[in-house]
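Note that the coordinates shown come from a computational prediction; the quantities given were computed from them, not determined experimentally.
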Amino acid sequence: METLKISSKSNPNSVAGAIAGLVKENNKAEMQAIGAGALNQAVKAVAIARGFVAPAGVDLVCIPAFAEVEVEGENRTGMKLIIESRK
């Protein structure tokens, strides 16, 4: 499955559309964010995506986890958000 990489400059509405599409296809989506700004945009996107799929009777659940990521040869700790659908 594709992991959505979120930055502090990511548009939450665009990310929410991608989340809704992945959840419709796979019942699951994953995002990765490094830094407070990126995590903020990711959480906004989850909230918006819930509004996109709610009319179809789908509820989204977000499971946070830590992720070790290599950025420019340096190990960084980021957040991985796993979004699952519950009907």
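- If you take CD1 on Ile6 and CG on Asn11, they are separated by 10.5 Å, rounding to the nearest 0.5 Å.
- Contact annotation: the side chain of Leu81 approaches that of Leu39 to within less than 4.5 Å [non-hydrogen atoms, C-beta and beyond].
- Here the CE-CG distance, from Met31 to Leu22, works out to 10.5 Å after rounding to the nearest 0.5 Å.
- Considering every non-hydrogen atom in both Ala16 and Phe52, the closest pair reads CB-CE1, 3.7 Å.
- Expressed to the nearest 0.5 Å, how far OG1 of Thr77 lies from CD1 of Ile34 amounts to 9.0 Å.
- Pairing each heavy atom of Cys62 with each of Pro64, the nearest pair is O-CD, 3.6 Å.
- Heavy-atom minimum distance, Ser10 versus Pro12: O-CD, 3.3 Å.
- Expressed to the nearest 0.5 Å, how far NZ of Lys28 lies from CD1 of Ile63 amounts to 7.5 Å.
- Between Ser85 and Asp59, the closest side-chain pair of non-hydrogen atoms is not below 4.5 Å.
- Atom-to-atom distance recorded for Gln41:CD and Asn13:CG is 10.0 Å, nearest 0.5 angstrom.
- Between the NZ atom of Lys80 and the CZ atom of Phe66 there is a distance of 12.5 Å, given to the nearest 0.5 Å.
- With hydrophobic clusters built from ILVMFWY side chains whose heavy atoms lie under 4.5 angstrom apart, Ile19 shares a cluster with Val43.
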